[in-house]
Peer 1: 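Dropping a structure here in structure tokens format, bear with me for questions.
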Amino acid sequence: MSQKISPRLLALRVLRKVEREGAFSNRALDELLEANPDMDPRDRGLATALVYGVLRHQARMDHHIDALAHNPSRIKGELRSILQIAAYELREMGHPLHAVASESGKLVARLDPRGRLRGLVTALLAGIDRSGADHDASLDAAGPVDTLRFRWSIPGWLARRWVRELGPEQALARGQALGQVPSLDLRVDLSRFDAVAVRAQLLEEHPNIRLDEADPAHPATIRSRGGGDVFYGPAYESGAISIQSLGAQQAALALNAAAPIEGTRVLDACAGMGTKTVQLAELMRRRGELVAIDLDPNKLEELELHRSRCALEGEGFSLTTVAGDLAEGELDLGAPFDAILLDAPCTGLGDLGRHPELRGRARPEHLRVCAALQSRLLRAAVRHLRPGGRLVYAVCSLEPEEGRDLVKALAPELGLELLETRAWTPEAHACDGFFHATLRKPD
């Protein structure tokens with residue numbers, strides 16, 4: 001019988017994998033949760049909250065620790081991760097000091113069986129509990145760049161860029177928005193299911209789930225908070241819902257808004273694991289031809305798992321997957337497409353709330369590298385678009401080099417008509433940051 005793991009120890013192991021191995025937090029967390037299937041749902045929820053919370057507020061937690069430590073440079077590795085978890089519990093979750101200190105002591109004892117670190121840990125946690133509110137207030141009152149860096153854990157280079165380009169007020173609003181716990185957004189397949197009935201089903205399947213009020217502007221979206229793992233249960237297994245953030249849904253919707261894609265020939269040019277591919281099939285009402293390309297065949301295998309669940313085959317509809325590099329420009333995809341969705345690889349800087357480990361990895365030079373790839377992909381995709389066809393280019397980044405500036409420079413060069421650009425921002429729409437542009441190839 002395997003030994004039960006505590007939620008804090010599981011969170012600690014995920015955080016160490018993220019730091020030491022460069023793991024993605026969601027994959028590392030899923031891997032360890034799957035390895036501990038008997039873990040109580042409440043403990044699974046706590047472990048998840050600790051992982052994402054610490055990564056979302058890591059620079060701030062470090063600032064609390066370093067302000068009280070006599071020698072901050074000696075607090076490193078696993079000890080620092082333990083203290084980050086404890087600081088997050090105290091400052092963001094409101095857990096009482098005695099409980100946090102007790103649980104932290106158990107983790108530290110694994111490192112320090114002789115108890116030499118006990119006094120240090122106890123003193124630091126007591127100090128954070130006593131002076132944490134005042135310390136956060138001082139960070140809020142700092143200049144906008146330092147507030148972004150240390151209160152909202154935004155990388156310094158990005159904080160300076162936002163203040164310069166957005167102005168202090170909007171930059172601070174964006175940093176604060178990305179520091180909040182994001183909702184889990186569900187997309188209802190409106191081509192087969194009724195959103196009101198699906199909401200009722202979710203409430204029945206997951207009694208602890210909390211659903212935001214339905215928004216008529218986004219009829220396919222259900223925003224949920226808490227309530228367990230919606231990947232299990234009839235609503236998910238029937239294909240009634242897919243997990244997709246509100247911002248991520250907008251690119252396919254924009255493609256369909258430019259001209260209905262039902263019954264047409266459509267290309268998902270960077271399909272990934274197929275979330276947007278399934279959305280395109282729904283918008284096509286499963287009539288027409290849909291081709292999904294990705295460089296990574298493993299991601300396309302994930303898409304194949306959705307065929308039955310999401311009814312991605314049947315009379316009058318075909319879905320073909322192609323493993324290959326669109327940017328090389330040598331793929332034979334047959335006849336030109338009526339519509340193309342190009343959700344291009346990017347820095348992911350709009351996703352700092354949902355993928356918080358990017359805060360510690362993003363570098364300014366990544367913008368140049370990504371923009372070069374995005375340019376190649378857009379040039380290649382246009383060659384597969386028929387005259388009169390439309391293409392939506394999208395990135396989960398709000399940086400102009402990857403979005404606005406790129407399409408404005410390339411559209412006239414490629415002979416495309418720029419119909420619309422749209423940004424979905426954390427501060428204005430309470431969602432991940434996304435940019436999309438709708439382009440049309442002249443007849």
Peer 1: I need the full list of salt bridge (charged side-chain N to carboxylate O under 4.0 Å, His left out) pairs touching residues 418-430, with sequence neighbours left out, sorted by first then second residue.
Peer 2: Arg174-Glu427
Peer 1: Is a side-chain N or O of Gln279 found less than 3.5 angstrom from the main chain of Thr275, in a donor-acceptor match?
Peer 2: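 No; zero donor-acceptor contacts below 3.5 Å.
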Peer 1: Quick one: closest heavy-atom pair of Leu255 and Ile340, and the distance?
Peer 2: CD1-O, 3.6 Å
Peer 1: Distance alone, cut at 3.5 Å: any donor-acceptor contact between the side chains of Thr221 and Asp185?
Peer 2: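 No pair is found: no donor N or O on one side chain lies under 3.5 Å from an acceptor on the other.
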Peer 1: Keeping Arg361 on the side-chain end and Gly22 on the backbone end, is there a donor-acceptor pair under 3.5 Å?
Peer 2: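 The answer is yes, because a donor-acceptor pair under 3.5 Å joins these two groups.
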Peer 1: May I ask you to decide if Asn298's main-chain N or O and Glu302's side chain share a donor-acceptor pair within less than 3.5 Å?
Peer 2: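 Absent.
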Peer 1: What residues, two or more places apart in sequence or in another chain, satisfy side-chain hydrogen bond (donor to acceptor under 3.5 Å, both in side chains) together with Asp351?
Peer 2: none
Peer 1: Within a radius of less than 6.0 Å around CZ of Arg118, do more than 12 heavy atoms belonging to other residues, nucleotides or ligands occur?
Peer 2: no
Peer 1: My understanding is that only residues two or more places apart in sequence, or in another chain, count here; which of them pass side chain to side chain contact (heavy atoms under 4.5 Å, CB included) with Ala423?
Peer 2: Leu398, Thr425
Peer 1: Test of understanding: with ring-ring contact (aromatic ring centres under 6.0 Å, His included), list the residues that count as partners of Tyr236, not counting sequence neighbours.
Peer 2: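 Per chain and number, Tyr236 pairs via ring-ring contact (aromatic ring centres under 6.0 Å, His included) with Phe231.
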Peer 1: If you count heavy atoms of other groups shown closer than 6.0 angstrom to CD of Glu169, is the number above 12?
Peer 2: no
Peer 1: Please check: side-chain N/O of Arg359 versus main-chain N/O of Ser153, any donor-acceptor pairing under 3.5 Å?
Peer 2: yes
Peer 1: Sort and list the pairs that fulfil salt bridge (charged side-chain N to carboxylate O under 4.0 Å, His left out) and have at least one residue in residues 41-51, not counting sequence neighbours.
Peer 2: Asp40-Arg42
Peer 1: Are Glu399 and Arg404 close enough for a salt bridge, meaning some N to O gap below 4.0 Å?
Peer 2: no
Peer 1: What residues form a ring-ring contact (aromatic ring centres under 6.0 Å, His included) with His63, not counting sequence neighbours?
Peer 2: His135, Phe150
Peer 1: Any donor-acceptor pair under 3.5 Å linking the side chain of Asp129 with the backbone of Leu97?
Peer 2: no
Peer 1: Report the residues that fulfil side chain to side chain contact (heavy atoms under 4.5 Å, CB included) with Arg160, sequence neighbours left out, ordered by chain and then residue number.
Peer 2: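 So Arg160 forms a side chain to side chain contact (heavy atoms under 4.5 Å, CB included) with Val145, Trp157.
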Peer 1: Sequence neighbours excluded, which residues qualify as side chain to side chain contact (heavy atoms under 4.5 Å, CB included) partners of Lys299?
Peer 2: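 Side chain to side chain contact (heavy atoms under 4.5 Å, CB included) check on Lys299 returns Met273, Asp294, Asp296.
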Peer 1: Are Asp38 and Lys4 within salt-bridge range, i.e. N to O under 4.0 Å?
Peer 2: no
Peer 1: Among residues at least two apart in sequence or on other chains, which ones pass side-chain hydrogen bond (donor to acceptor under 3.5 Å, both in side chains) with Ser25?
Peer 2: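 Glu357.
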Peer 1: Show every side chain to side chain donor-acceptor pair (under 3.5 Å) that has at least one partner inside residues 366-376, sequence neighbours left out.
Peer 2: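 The answer is Gln374-Tyr393, Gln374-Glu402, Ser375-Arg379.
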Peer 1: Restricting to side chain to side chain contact (heavy atoms under 4.5 Å, CB included), what partner residues turn up for Asp136, sequence neighbours left out?
Peer 2: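 Checked Asp136 against side chain to side chain contact (heavy atoms under 4.5 Å, CB included); matches are Arg60, His64, Arg91, Leu139, Arg151.
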Peer 1: Of Arg149, Lys76, Arg80, which is the lone residue that meets salt bridge (charged side-chain N to carboxylate O under 4.0 Å, His left out) with Asp62?
Peer 2: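 That would be Arg80; it is the only one of Arg149, Lys76, Arg80 passing the salt bridge (charged side-chain N to carboxylate O under 4.0 Å, His left out) with Asp62.
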Peer 1: Is the shortest distance from a Lys or Arg side-chain nitrogen in Arg56 or Glu92 to a carboxylate oxygen in the other one below 4.0 Å?
Peer 2: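 Judged by the 4.0 Å cut-off on N to carboxylate O distance, Arg56 and Glu92 do not form a salt bridge.
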Peer 1: Suppose we screen for side-chain hydrogen bond (donor to acceptor under 3.5 Å, both in side chains). Which residues come up paired with Asn256, at least two apart in sequence or across chains?
Peer 2: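 If we apply the side-chain hydrogen bond (donor to acceptor under 3.5 Å, both in side chains) test to Asn256, skipping adjacent residues, there are no hits.
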Peer 1: Is any side-chain N of the basic residue among Glu401 and Arg161 closer than 4.0 Å to the acidic one's carboxylate O?
Peer 2: yes
